[in-house]
Amino acid sequence: MSADSFLRRMMRRTGVAVLFAAVGSGLWYMQEREVRDRLSWQGVPTWAELTPLSLHRVLRNDGYLLGWSDIRVSPLWVSYALQAVDDPQAGERPGFRRDWRTLWPLKPDSYAHSGYDRGHLAPNYAIAAVHGRAAQRDTFLMSNMTPQRPDLNRRLWQRLEEVVMDRFVPRFGRLRVITGPIFDDEFFFSGVMERAGLVEVPEAFYKILIVPGAQPRALAFIMPQNVSGDEPLDRYLVSIDDVEARTGLDFFPQLSASAAEALEAGVQTQGWNLDEVARLPSRF
DNA sequence: TTTCGTGT
């Protein structure tokens, strides 16, 4: 074979490889976009200002997306969709599992004896009931956990998750949920923040509920760590703008400015029938 | 039916 024909063959092969790479990344992009559209609403959260603390990468799971911060050693948000199902059921709770994608060695016992629960962001019961067993197992990845005080995790937060799945989802048919921790930046920079193992302890947690549609509805909560668990849920209502101010995240980046203003600036409780659900007793 | 930790 002459050097000339070898060179031409290599160029042909390179051309094919470049073509495959282009088509392949195009396919990846379309698939990724399809998954993000299915699991989020009006775009996944992004950072309002690019700082190391708001930087995160998106981990895809069965049934939910998660924004992972390598510098916080924590998830910053999870996003998932819930819909009404005929006979909601969850299988037996699977075990907590390490998530190797985080790189950090977060093991199931990483915050044992810390006084904090391993609190799910994407919840076990609702995800399992709507998305099935594989999705349920993914909610037990340690990347989905944040340290939560027991009275919050098992009582107030549990009551909120129960109301979401048992009341709001049947009422509206479909719901998009974004939830995550809130940290105190001053403590991060001073280095004196409380940790559970490697993990910085959040000072509070937010949950944003969206009813999609031509006239979308939204409800948002911020709940602090120190609660007794019996407080009325509506005591913790906030606007989405409040959540953005506390987290540095930009939710629903694809919304137009006017739609964002209408949805995010205030607290609109009409239609949610909070009177019926805010004071339901704790199960635990 | 829905959360967990601890000790055995």
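Note that these values count all heavy atoms, side chains included, but never hydrogens, waters or copies made by symmetry. Naming: A, B, ... by sequence-line order, numbering from 1 per chain. As the structure is a prediction and not an experimental result, all values here were calculated from the model.
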Using atom [atom1] of [X] as one end and atom [atom2] of [N] as the other, report the distance to the nearest whole Å.
X         : N      : atom1 : atom2 : value
Met223(A) : dT3(B) : CE    : C1'   : 14 Å
Asp86(A)  : dT1(B) : CG    : P     : 19 Å
Phe140(A) : dG5(B) : CZ    : P     : 10 Å
Phe96(A)  : dT6(B) : CZ    : P     : 12 Å
Arg93(A)  : dC4(B) : CZ    : C1'   : 6 Å
His120(A) : dC4(B) : NE2   : P     : 5 Å
Asp109(A) : dT6(B) : CG    : P     : 11 Å
Arg149(A) : dT3(B) : CZ    : C1'   : 16 Å

Please check the phosphate of dT6(B) (OP1 and OP2 only) for any side-chain N or O of His113(A) closer than 4.0 Å.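 For His113(A), the contact criterion (side-chain N or O under 4.0 Å from OP1 or OP2 of dT6(B)) is met.
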Side chain proximity check, Asp99(A) to Leu59(A), heavy atoms < 4.5 angstrom: yes
Can you confirm whether Thr46(A) sits close enough to Leu249(A) that some side-chain heavy atom of one is under 4.5 Å from a side-chain heavy atom of the other?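 No, their side chains stay 4.5 Å or more apart.
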Which of Arg279(A), Arg154(A), Arg155(A), Arg235(A) passes salt bridge (Lys or Arg N to Asp or Glu O under 4.0 Å) with Asp230(A)? It is Arg155(A)
If you assign Tyr125(A) and Ala112(A) each to the DNA chain B nucleotide with the nearest heavy atom, which residue ends up on the more 5' nucleotide?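 Per heavy-atom nearest nucleotide, the more 5' residue is Tyr125(A).
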Need to verify one output field. Residue with the more 5' nearest nucleotide on DNA chain B, Ala90(A) or Met145(A)?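 It is Ala90(A) whose nearest nucleotide is closer to the 5' end.
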For Ile178(A) and Phe252(A), which heavy atoms make the closest approach, and how far apart are they?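 Where Ile178(A) meets Phe252(A) most closely, the heavy atoms are CD1-CE2, 3.6 Å.
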Below 30° counts as parallel, above 60° as perpendicular, anything between as tilted: where do the rings of Trp47(A) and His56(A) land?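 If you compare the ring of Trp47(A) with that of His56(A), the planes turn out perpendicular.
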For Trp104(A), look at atom CH2 and say whether over 12 heavy atoms of other residues, nucleotides or ligands are found less than 6.0 Å away. no
Does any residue of residues 152-171 of chain A have a heavy atom under 4.0 Å from DNA chain B, and if so, which ones, in number order? Asn153(A), Arg154(A), Gln158(A), Glu162(A), Asp166(A)
Quick one: label Pro123(A) by what it contacts on the DNA or RNA (base, sugar-phosphate, nothing), any heavy atom closer than 4.0 Å.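 Here Pro123(A) touches no strand at all.
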Which pairs of donor and acceptor atoms, one on a side chain in residues 215-226 of chain A, lie under 3.5 Å apart (sequence neighbours left out)?
residue: Arg217(A); atom: NH1; partner: Gln270(A); partner atom: O; Å: 2.8
residue: Gln225(A); atom: OE1; partner: Arg149(A); partner atom: N; Å: 2.8
residue: Gln225(A); atom: NE2; partner: Pro147(A); partner atom: O; Å: 3.0
residue: Gln225(A); atom: NE2; partner: Pro202(A); partner atom: O; Å: 2.9

